[in-house]
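Excluded from the calculations below are hydrogen atoms, water molecules and symmetry mates; all remaining heavy atoms, backbone and side chain alike, are included.
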Amino acid sequence: MTSSTDKKPPATPAPRSIVPDANTFDPSLPASKTGAGASNTTTTSSSDTQPNCPFCHISSTFPPYPPTSPPSPFPPSTSTSPQPQTFLLLSTPLLIAFLDIMPLSPGHLLLCPRRHAAKLTDVLPDEAAELGRYLRTLSEAVTRATGIKDWNVVQNNGSAAAQVVEHMHFHIIPRPGLREAERFTSTMFGRGKREDLDEDEGEELARRVRGFVTEVVREEEEEEKERGLREKAKL
């Protein structure tokens, strides 16, 4: 008979990563066969992906769409099931963006190349150019969606530089007001508590950001057209 003193205390669950990494991602699990995953058309071939990479799984699940014309109905966040949910914001032939599942602040998002590239130096020139363009677009969209006017753009390369997932990505992290600055800074540097993104809040925020992405891209296209007309008028 075992005494109460012999009983082992329950194990403390390990904290979740910022995003699913190679240790929590199970490549043996199948991709979703519904929603976006039901499409047989993808721009990422098997040679461009890594089987244990969560970001490659996301890029293989969601086909690209024009930023000004998101599909309706939009693929659900559970399309990447049984892997973690993905609150998609942008899906082009070269890039994909989605909300961080353990955000440092409301609107914290990730932007990465669709093709597997471990570090910034592995990104191709055309991917780098589009990353630069959409960093600006997404920054403006998330500012409009959250009302937070300041933000960080963070990009880490290698484990010594705090890169968790070995698939190059940018963080766009809105910075809240001064009253929340202490909590934000502590959490950003590992001293505070991070919380999972609420499913309903994630769905609504992703919908708002996608809407503002459409708005910003259309504004950019109109501005580019007007610049072209002005340059033509100078000739």
For this session: Tell me, with the steps shown, if E195 and M102 meet side-chain contact (heavy atoms from CB on, under 4.5 Å).
Result: CA-CA 6 Å; E195 297 180 353; M102 293 189 72; over 6 Å; no
Could you tell me whether the side chain of [X] and the main chain of [Y] form a donor-acceptor pair under 3.5 Å?
{"X": "S79", "Y": "P76", "value": "yes"}
{"X": "N152", "Y": "V154", "value": "no"}
{"X": "S105", "Y": "I173", "value": "no"}
{"X": "N157", "Y": "L120", "value": "yes"}
{"X": "R208", "Y": "A145", "value": "yes"}

Problem set entry | Candidate pair T143 and K149, rule side-chain contact (heavy atoms from CB on, under 4.5 Å), full reasoning | CA-CA 6 Å; T143 295; K149 304 300 182 183; 4.0 Å; yes
Less than 4.5 Å apart, any side-chain heavy atom of [X] and any of [Y]?
{"X": "E215", "Y": "R144", "result": "yes"}
{"X": "D48", "Y": "H116", "result": "no"}
{"X": "T61", "Y": "T86", "result": "no"}
{"X": "V216", "Y": "R136", "result": "yes"}
{"X": "Q163", "Y": "K119", "result": "yes"}
{"X": "E199", "Y": "Q85", "result": "yes"}
{"X": "L99", "Y": "L205", "result": "yes"}
{"X": "L88", "Y": "I96", "result": "yes"}

Considering only distance and modelled atom types, tabulate donor-acceptor pairs under 3.5 Å from the side chains of residues 128-135, sequence neighbours left out.
residue : atom : partner : partner atom : Å
E130    : OE2  : T92     : OG1          : 2.7

For this session: Begin with the C-alpha distance, continue with both residues' side-chain angles, and end with the deciding distance and a verdict on side-chain contact (heavy atoms from CB on, under 4.5 Å) for L124 and R115.
Result: CA-CA 10 Å; L124 300 175; R115 183 185 64 87; 3.4 Å; yes
Seminar exercise, completed: side chain to side chain contact (heavy atoms under 4.5 Å, CB included) test vs M168 passes for just one of L111, V123, T121, namely V123
Problem set entry | side chain to side chain contact (heavy atoms under 4.5 Å, CB included) partner of L90, the single match among V217, L109, L138 | L138
Problem set entry | Hydrophobic cluster identity match, L95 and V153, side-chain contacts under 4.5 Å | yes
With rounding to the nearest 0.5 angstrom, report the [atom1] to [atom2] distance, [X] to [Y].
{"X": "F87", "Y": "E201", "atom1": "CZ", "atom2": "CD", "value": "10.0 Å"}
{"X": "E204", "Y": "D198", "atom1": "CD", "atom2": "CG", "value": "11.5 Å"}
{"X": "F212", "Y": "L89", "atom1": "CZ", "atom2": "CG", "value": "13.0 Å"}
{"X": "H167", "Y": "C56", "atom1": "NE2", "atom2": "SG", "value": "5.0 Å"}
{"X": "H171", "Y": "Q155", "atom1": "NE2", "atom2": "CD", "value": "8.5 Å"}

Just by distance, with hydrogens left out, do [X] and [Y] show a side-chain donor and acceptor under 3.5 Å apart?
{"X": "T214", "Y": "T68", "result": "no"}
{"X": "S139", "Y": "W151", "result": "yes"}
{"X": "E220", "Y": "T137", "result": "yes"}
{"X": "S91", "Y": "R114", "result": "yes"}

For this session: Measure across P67 and V213 and return the closest heavy-atom pair with its distance rounded to 0.1 Å.
Result: CB-CG1, 4.2 Å
Problem set entry | Taking every non-hydrogen atom, the tightest pair across T146 and P106 | CG2-O, 3.7 Å
For this session: May I have the step-by-step check of side-chain contact (heavy atoms from CB on, under 4.5 Å) for V142 and I172, ending in yes or no?
Result: CA-CA 9 Å; V142 78; I172 296 178; 4.1 Å; yes
Show me the donor-acceptor pairs within less than 3.5 Å that the side chains of residues 225-235 make with the rest of the protein, sequence neighbours left out.
none

Exercise. Can the positive tip of R210 be found less than 6.0 Å from the middle of the six-membered ring of F74, inside 45° of the ring normal?
Worked result: yes
For this session: Measure the acute angle between the ring planes of F98 and F55, then classify it against the limits of 30° and 60° as parallel, tilted or perpendicular.
Result: perpendicular
